[in-house]
Amino acid sequence: IHYSHKHKDKYKDKEHKHKDHKKDKEREKSKHGSRYWMGMKSLDGKVKKEKENGFASPPHMKIEPEEDFYHSPKLAKSLKRERDDDNDLDFKPKKIKTENDKKAKKRKQEDEFLFLFLWEEERYTDGVKWKFLEHKGPVFAPPYEPLPSNVKFYYDGKPMKLSPEAEEVATFFSKMLDHEYTTKDIFRKNFFKDWRKEMTSEEKAKITDLKKCNFTEMSEYFKGLSEARKAMTKEQKLKIKEENERLLQEYGFCIMDNHRERIANFRIEPPGLFRGRGDHPKMGMLKRRIRPQDIIINCSKNSKHPEPPPGTKWKEVRHDNKVTWLVSWTENIQGSIKYIMLNPSSRIKGEKDWQKYETARRLKKCVDRIRAQYREDWKSKEMRVRQRAVAIYFIDKLALRAGNEKEEGETADTVGCCSLRVEHIKLYPENEGQEYVVEFDFLGKDSIRYYNKVPVEKRVFKNLQLFMENKEPDDDLFDRLNTSVLNKHLQELMDGLSAKVFRTYNASITLQQQLKELTNEDENIPAKILAPPKTFEKSMQNLQAKIDAKRDQLANAKRDLKAAKADAKGLRDDKSKKTVETKRKAVQRIEEQLMKLEVQATDREENKQIALGTSKLNYLDPRISVAWCKKWGIPIEKIYNKTQREKFAWAIDMAEKDFEF
DNA sequence: CTTGAGACTTAGGACACCCATC
DNA sequence: GATGGGTGTCCTAAGTCTCAAG
């Protein structure tokens, strides 16, 4: 399944039926439900691993007894035991377990499940996310360093010394001079407007036209700096690396409950020019510098609170254990809140991820019912029900996003399912030998184009015609529907169901099916099994062959053209002139065709990279891959790199070879 | 029902780094 | 030692979804 919106491949209609599943799904949860955040993630295991990679050991973490209240002694024991067997991070051949081992293991897991249950009970029913949280606060962006006096800004050809405030903003622009952003009108307009706000009144009076501004000296200066950085000696580079590591050790971790956890983004975003994606109306605006008085700190009451830099104050220190963030501030472009949160390897994120896949697995159990339901609803007397049913069909079949409405003029004009407009689809009763084809063409998330032509059920087609009747191109396709109505309905169909669950479910179930289908038992060479699907490689090869053929054809055509030219020179008659023209046209045409093929090839390559990368991280239940690895004796490192293994630690620990999504 | 705030996940692009190759 | 392609990491934008208030 390709989860890029870019893809042009048709989404194969999946089999909607599933085999009956054993009733022991619930037991499965209990069986494998819970080890990782107790053992796997314990400090000792981690320290060992990091040492092997040349990192310094993190300071020993003291576990406060009063923070330990939800650990039963029994669990403390199992925790310790876990550490021992989790120290073997490399994949050695699995020990053969004796019956006793198995029983013991099972007992232990049952204990742990009970623990998890209580623990979950305590944490999740009331929305409490942690009991103890301590951290050192954010790392601020380094202060602005004024330019050396020999680096000048010119206005209207004459050098001009800027005030530090104006100069800083000017440097932001100068650093982007090579970027095509700076050629865009909106970018320039927004930048200039915000820049002028930073100017003194004299500067403001003088600098009235961006076209007369010359930033090249500044730009060259920064290029020089970055060259110099690249050219640094090994020792200098090492020193910087060490300093970064020190900063990471000091600010990059927090203590949440009994774990020292990695923080995802402990550095505050530096000031700069806003870079929106696509046609963003706010591109080029000044992203202001964040100061301590903008910052809200969140931590335990009984923790050591982070200190603001000397002479400054935090905006607020609060103790809200119903949220997971450590630091927040309000950003000035959209006025939205930004957060510092934990790394995906943390317990709190891992658990949420796990929960997400469990929801998707519950969808698996009732997806047939839900599909039958929306098909039924295509016939409803009520317009809103029909629209809802068609929308869910798109979300399910095409993996469209929900499509919240957005404030006009605040962001790029992009859409998802519920916000599709009439102009985004075309209906073809017949197209290329297929009936009832819908052509989608719109910009989705991140302004990435979604283009797809799909045959749909006749009823869907007729409904779409109905929805489009008497509408303008810029009217909503689903005028009786929005994401909140949609999700409310989905929630009624299944607890925890929302639009995005379909993406998770469909991606994961497809992976599982494909692995089953494509894994060849006899093909024992792991590398062979792990290569990207042969169908992909094959289609790529075919495409490459086409490209090569085209190249040859082009070479021939060029030779013909040359020959024709030579003829024409000698003969100088109309006929040979005409031949030259024809040949020239042929060359041009072939060149165009070649270009097209090449674009297609890179597209396809990119698709593989981008789409699969994103799916791997966000949509595919890692337990499927882990189980597959365990089943076929494939080292997990072949599938997941270090970061991914950290993120999916819960799954690596939890899934046995018989795991079924 | 509508709106907006808030919290959280998903996403692409820039950049650093590594290693093979010239 | 340049170069360039591939991978991993960082950064932060752009989504989703829930909840509460009007």
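Values reported hereafter were calculated over all heavy atoms of this structure, with side chains retained and with hydrogens, waters and symmetry mates removed. Numbers restart at 1 for each chain; the letters A, B, ... are given by sequence-line order, proteins then strands.
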Assign [X] to base, sugar-phosphate, or nothing according to its heavy-atom contacts below 4.0 angstrom with the strands shown.
X        : answer
A:Thr414 : sugar-phosphate
A:Ala499 : sugar-phosphate
A:Asn404 : base
A:Gly403 : sugar-phosphate
A:Lys287 : sugar-phosphate
A:Thr324 : sugar-phosphate
A:Phe274 : sugar-phosphate
A:Gly416 : nothing

Rounded to the nearest Å, what distance is computed from the [atom1] atom of residue [X] to the [atom2] atom of nucleotide [N]?
X        : N      : atom1 : atom2 : value
A:Asn482 : B:dT2  : CG    : C1'   : 9 Å
A:Asn244 : B:dA16 : CG    : C1'   : 12 Å
A:Ile290 : C:dC11 : CD1   : C1'   : 15 Å
A:Asp353 : C:dT16 : CG    : P     : 19 Å
A:Arg449 : B:dG12 : CZ    : P     : 16 Å
A:Leu238 : B:dC17 : CG    : P     : 11 Å
A:Asp495 : C:dT18 : CG    : C1'   : 14 Å
A:Lys129 : C:dT18 : NZ    : C1'   : 11 Å

OP1 or OP2 of [N] under 4.0 Å from side-chain N/O of [X]:
X        : N      : value
A:Lys338 : C:dA13 : yes
A:Asn641 : C:dG8  : yes
A:Asn487 : C:dC17 : yes
A:Asn618 : B:dA11 : yes
A:Arg480 : B:dC1  : no
A:Arg401 : B:dA11 : yes

Can you tell whether the side chains of [X] and [Y] come within less than 4.0 Å, N to carboxylate O?
X        : Y        : result
A:Arg246 : A:Glu243 : yes
A:Arg421 : A:Asp413 : yes
A:Glu492 : A:Lys488 : no

A:Arg229 or A:Lys356: which one's nearest nucleotide on DNA chain B is closer to the 5' end?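 Its nearest nucleotide lies further toward 5', so the answer is A:Lys356.
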Pick the closest DNA chain B nucleotide for A:Ile337 and for A:Lys647 by heavy atoms, then say which residue is nearer the 5' end.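 That would be A:Ile337.
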Counting only side-chain heavy atoms from C-beta out, which of [options] sits nearest to [X]?
X        : options                : value
A:Lys352 : C:dT18, C:dG15, B:dT9  : B:dT9
A:His179 : B:dA14, C:dT12, C:dC11 : B:dA14
A:Trp325 : C:dT18, B:dA11, B:dA7  : B:dA7
A:Tyr619 : C:dT16, C:dA14, B:dA11 : B:dA11
A:Arg277 : C:dC11, C:dA13, B:dA16 : C:dA13
A:Gln334 : C:dA13, C:dA14, B:dA7  : C:dA14
A:Ile448 : C:dC17, B:dG12, B:dC8  : B:dG12
A:Ser498 : B:dG12, C:dT18, B:dT9  : C:dT18
A:Ala402 : C:dC17, C:dT12, C:dG15 : C:dC17
A:Lys500 : B:dA7, B:dG12, B:dT10  : B:dT10

Can a donor-acceptor pair be found, under 3.5 Å and without considering hydrogens, that links the side chain of [X] to the backbone of [Y]?
X        : Y        : result
A:Lys356 : A:Asn618 : yes
A:Asp396 : A:Ile392 : no
A:Asn265 : A:Met341 : yes

Using a 3.5 Å cut-off and no angle test, enumerate the donor-acceptor pairs between side-chain atoms of residues 280-294 of chain A and protein atoms at least two apart in sequence or in another chain.
{"unit_1": "A:His280", "atom_1": "NE2", "unit_2": "A:Gln334", "atom_2": "NE2", "d": "3.4"}
{"unit_1": "A:His280", "atom_1": "NE2", "unit_2": "A:Glu410", "atom_2": "O", "d": "3.2"}
{"unit_1": "A:Lys282", "atom_1": "NZ", "unit_2": "A:Ile333", "atom_2": "O", "d": "3.0"}
{"unit_1": "A:Lys282", "atom_1": "NZ", "unit_2": "A:Glu410", "atom_2": "OE1", "d": "2.9"}
{"unit_1": "A:Lys287", "atom_1": "NZ", "unit_2": "A:Glu269", "atom_2": "OE1", "d": "2.9"}
{"unit_1": "A:Arg288", "atom_1": "NH2", "unit_2": "A:Asp294", "atom_2": "OD1", "d": "3.4"}
{"unit_1": "A:Arg288", "atom_1": "NH2", "unit_2": "A:Asp294", "atom_2": "OD2", "d": "3.2"}
{"unit_1": "A:Arg289", "atom_1": "NH1", "unit_2": "A:Pro142", "atom_2": "O", "d": "3.1"}
{"unit_1": "A:Arg289", "atom_1": "NH2", "unit_2": "A:Glu168", "atom_2": "OE2", "d": "2.9"}
{"unit_1": "A:Arg291", "atom_1": "NE", "unit_2": "A:Asp294", "atom_2": "OD2", "d": "3.2"}
{"unit_1": "A:Arg291", "atom_1": "NH2", "unit_2": "A:Asp294", "atom_2": "OD1", "d": "2.9"}
{"unit_1": "A:Asp294", "atom_1": "OD2", "unit_2": "A:Arg291", "atom_2": "N", "d": "2.7"}

Determine, stepwise, if the pair A:Phe191 / A:Phe173 fulfils ring-ring contact (aromatic ring centres under 6.0 Å, His included). CA-CA 8 Å; A:Phe191 160 72; A:Phe173 192 84; 4.3 Å; yes
Could one point to a donor on the side chain of A:Lys445 or the base of B:dT10 with an acceptor on the other under 3.5 Å away?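 A donor-acceptor contact between them is present.
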A:Ser447 or A:Thr643: which one's nearest nucleotide on DNA chain C is closer to the 5' end?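 Mapping each residue to its closest nucleotide by heavy atoms, the 5'-most match is A:Thr643.
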